[in-house]
Trainee: 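Can you read through this structure? Questions will come right after.
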Amino acid sequence: MKLPTTTHQNLLRDLLKPLPPPSTTVLRHSSTTPPPTPPPEQPPQTSQIGSPITQITTILKTTPTTHWPSNTTLQPLLSSLTPHSFLKLTRHLPSSKTSLDFFNYLKKSTQPLTDTNTDKSQHLESLSSIFQAVLEHIQRENPNNVKGLYEVFTSYKDESFPLSINSITLLLRSLGKARMFEECFEVFDYVGKEFRNAHVVNSLGESLLRVGRVDDAFKVFDELLEPDALFRPNNATLDIVLENVLGRYWSGRRVGDEEIVGFVSRSAENGAFPSSWSASKLFSSLCRRGGDVGKAWELLHELFEFGVVIETHGCNALLAGLGREREYKKMTSFMKEMEERGIKPDVVTFGILVNHLCKFRRVDEALEVLEKMKDEVSVEPDVIIYNTMIDGLCKVGRHEEGLALMEQMRLHPNCAPNTVTYNCVIDGLCKAGEIEKARQTFDTMNEEGLNPNVITLNTLIDGMCRTGRVNSGMVFYNDMLGKGMKGNAITYSILITAYCNAANIDKAMQLFDEMSENQCSPDAILYYSLINGLCHAGRMDDASLVMSKMRQAGFHLDIVSYNVMIGGFCRRNKLDKAYEMLHDMEEAGVKPDRVTYNTLISFFSDKGDFVTAKKVMKNMTSDGIVPSVVTYGALIHAFCQADKLNQAVKLFWNMCSATKVSPNTVIYNTLINTLCKSDRVEDALFFMDHMKEKKVKPNTTTFNALLKGFQEKQWLDKALHLMDEMVEQSCSPDYITMEILTEWFSSVGEIDKLRKFIQGYEVHDSTSQTASKLCDI
DNA sequence: TTAGGGTTAG
């Protein structure tokens, strides 16, 4: 074998084309496909007895190798054969050894009859064919004998004949499968660019991808995409790349979406397109959570332009991605486009549409889609789409309609409600506070023979906990454990959070410790919740312990949990510990955010250390975080607490004029409350007016502060006006309002007015229009 | 297609 020379180049390249389709097509497929198998040997038929191939085969089989040169009938018969006939003939020989003998014999003892280039090339091509058959024999005799193949290659590579494409791919696939990549590259380099067509490149590239050598594979594939490339990728190239890179069990370097899209796009420009199956897989992958849907959209349209068929499945993936990104307009236009291109929407297409409409509370539109698919497109809704719709209805508080739809399901064939249907309905009832009904529905479900799953449990337990029945939730869970069901991290998360909220930290910790006994391991959310509960309860030692357990389990604190911990330490006056957390954050590469700064500013200013508070505020600004209404609120509150009312008011005006920060209810409340307590009720009223001017809504706290101030001043008339204002704004009195007014109004004999106020009537003028109107009714 | 969490000023 000799490296192709320029004089031979064109001839050699011609060799690539005329190879017979059977072997070429078989070899082109994946390496799991067995190598071409010669037809089973048959006894020579009468009509074939005289054919040269049969005659030669008989001679070769019956004559010892050493006698071949002296056989006078052999030589003329051989000179009449085409290269392809040589391939067929050699495949019929009994073994690799005989085939190799034949190859050597032919190489030495036969010469082209004439010395023309055509004859020379014919001769070389014949040798190529025979050599290919030799390799095929070796592989068939022992598919694991990769070394044998490689040895034959190395001992013959310096002979002056080219390797056929099939020989190259056979070598590359076998060596690749045996992970002999050094040898693979030796063959690849040896054959030279002139022989590295798509089949050859695909063979090596696929082997590399299979073992996760992505970068090497892409380097190899890129050869086909170079501007001056001799060969272009084929459709199989794309399928190989996509199937291997998007694989579920992929263990190599994660290939970025951009890289994949770039490859597909460049291949399409070179006339190679993915099969509709791998295109579907590609779009599913690009549109998955966190994927780049915009890129997927562009690529899909690019492929559409090239006339590539993308089936419903792939379009559905894009549609789901658009839904996730709230691109409703694009969703609608894309569905139209699908229709124009003759891509039929299926039940999944409509499912995606219904799901995303529901997720954004556009439930009525979702109901319309459901009707439309039944009536106009005649796609029968399935259980999933009904479940989606029922969940959507329940999530917006329309659980009655959800229940009705569940009944409707029973009327459809193959659409009976399943566990998920019940889970959605139970959740709807729980969220509506109808725990008893939810419990009954759970029983109905069991009576119908449907098995509840862990989601059913969690939904019910959560419903109980949120309505203050934590112990019922716990009892229910233990009941279910007794019946052989199992909880998971979410079950514990629900119960632990509920116990923390109920200030039963010990029970929460006990559950946390018990989890592992029930084969449950906490996840990040559970850790975050527990840390939060412990910090709020001031149990910082426990919080620190849980934090270190969390780290041991391989989870990291995020910025919110750091803030929770820092806030907890500050409340406990443990500044050193708070600093430790800040140091930790820095090491973990988590940057402080506005909440971190506000927590610290609040801490220092509450302690009266306004100098340090201002320093922190300065750092905040230089860190690129703009002080917010909470920052100013913390400082104003602290000034008020420290009897520095004038500084508080000054900062308020400074905030209003020098920054873009608008005051909120809390800040007004702080000022109004402090002014009233300092006997400056008039000034407090001024801020109340300012508040209205700025369209900031007062709340019960605002009214309570003023009412208390009016009580001190015995301004009964003003108080009645203010109470009317509360009624007008539907601002409900709370226990503090009642305390102030009961004491005051009973002492001045106006308890009737208070009664009217509680009933929601205006009180300033007992003959006022509203009151009389309401009394008439 | 169904279930869980958290931060700062009062």
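Residue numbering restarts at 1 for every chain, and letters A, B, ... go by the order of the sequence lines.
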Trainee: What does A/Asn418 touch in the nucleic acid at a heavy-atom separation under 4.0 angstrom: a base, only the sugar-phosphate, or nothing?
Mentor: nothing

Trainee: Taking only distance into account, with no hydrogens and no angle test, what donor-acceptor pairs under 3.5 Å do side-chain atoms of residues 520-528 of chain A form with protein atoms, sequence neighbours excluded?
Mentor:
| unit_1 | atom_1 | unit_2 | atom_2 | d |
| --- | --- | --- | --- | --- |
| A/Asp523 | OD1 | A/Ile525 | N | 3.4 |
| A/Asp523 | OD1 | A/Leu526 | N | 3.0 |
| A/Tyr528 | OH | A/His556 | O | 3.0 |

Trainee: Is the positively charged end of A/Arg469 above the ring of A/Phe476, judged by distance under 6.0 angstrom from the centroid and angle within 45° of the axis?
Mentor: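 No, A/Arg469 does not sit over the ring of A/Phe476.
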
Trainee: Rounded off to whole Å, could you give me the OH-to-P distance for the A/Tyr668 and B/dG10 pair?
Mentor: 19 Å

Trainee: Between the base of B/dA9 and the side chain of A/Asp606, is there a donor and acceptor pair under 3.5 angstrom?
Mentor: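 Checked by distance alone, the answer is no.
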
Trainee: Using atom types as modelled and distance alone, determine if a side-chain donor or acceptor of A/Thr700 lies under 3.5 Å from a backbone N or O of A/Ser732.
Mentor: yes

Trainee: If we only count heavy atoms from C-beta on, is the A/Met474 to A/Lys507 side-chain gap below 4.5 Å?
Mentor: yes

Trainee: Nucleotide by nucleotide, 5' to 3', does protein get under 4.0 Å of the base (B), only the sugar-phosphate (S), or neither (-) in nucleotides 2-8 of chain B, counting heavy atoms?
Mentor: BBBBBBB

Trainee: Between A/Arg539 and A/Asp506, is the closest basic N to carboxylate O distance under 4.0 Å?
Mentor: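 Yes, A/Asp506 and A/Arg539 are salt-bridged.
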
